[in-house]
Amino acid sequence: MLRPKAALPSLLHLTPAWLRERGLKGVILDLDNTLLPYGEEEVPEAHLAWLEELRRAVPVYLLSNALPERFARIQNKLGLPGHAPALKPWAGFRKALKALGLPAREVAVVGDQVFTDILGGNLLGAYTVLVPPLREQEFFYTRFIRLLETPFRRPWEGTEP
């Protein structure tokens, strides 16, 4: 349940062609430290360009545990469907899946945390993709969780079964 189906060296490696090769037709995307650095509200230019290319190919749904006001500001700038707080890993994923209108096996859940994004996506039956966090600085609780995640990340970082 804690092992991702794929671990990529960067979010930018998840391309429309990569998704097509795996039969994936939609993406549930984490926000903080996946799409933008923790604590920021501006998406890096390279990620904006990546997101535009991805959106032309497949539907994308933002799913975050962020505070709702901050999430709404970012979501409005991006013009993407989504919701927060999602209460990952236990909640939120089914609502995202319903919004995408796709079966779980055709959806990639992409995030930087094993115990929220990967566990939640695996419980859903989606194709889980782990990416490295964009920034070392994080919420104190997340720093603690990262320590617990370490043994679950190392064996397959940068690999795919």
How many angstroms lie between [atom1] in [X] and [atom2] in [Y], if you round to the nearest 0.5 Å?
X: L2; Y: L130; atom1: CG; atom2: CG; result: 11.0 Å
X: L35; Y: L78; atom1: CG; atom2: CG; result: 6.0 Å
X: L11; Y: L36; atom1: CG; atom2: CG; result: 10.5 Å
X: R70; Y: S64; atom1: CZ; atom2: OG; result: 7.0 Å
X: K5; Y: I118; atom1: NZ; atom2: CD1; result: 9.5 Å
X: D30; Y: L62; atom1: CG; atom2: CG; result: 9.0 Å

Review point. Is a side-chain N or O of N65 found less than 3.5 angstrom from the main chain of K88, in a donor-acceptor match?
Key: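 Judged by distance alone, yes, a pair lies under 3.5 Å.
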
Review point. Given side chains that start at C-beta, do those of V110 and I28 come closer than 4.5 Å, heavy atoms only?
Key: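 Side-chain contact under 4.5 Å: no.
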
Review point. Out of E40, E41, E42, which residue meets the side chain to side chain contact (heavy atoms under 4.5 Å, CB included) rule with I74?
Key: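 In the set E40, E41, E42, the residue that makes a side chain to side chain contact (heavy atoms under 4.5 Å, CB included) with I74 is E41.
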
Review point. Can you name the one residue among R55, E21, E53 that meets side chain to side chain contact (heavy atoms under 4.5 Å, CB included) with P16?
Key: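 Only match with P16 under side chain to side chain contact (heavy atoms under 4.5 Å, CB included): E53.
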
Check your understanding: Should L63 and L19 be counted in the same cluster of Ile, Leu, Val, Met, Phe, Trp and Tyr side chains packed under 4.5 Å apart?
Key ->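 Each belongs to a different hydrophobic cluster.
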
Check your understanding: Which one of F93, Y61, F71 satisfies the ring-ring contact (aromatic ring centres under 6.0 Å, His included) criterion with H83?
Key ->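 The passing option is Y61.
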
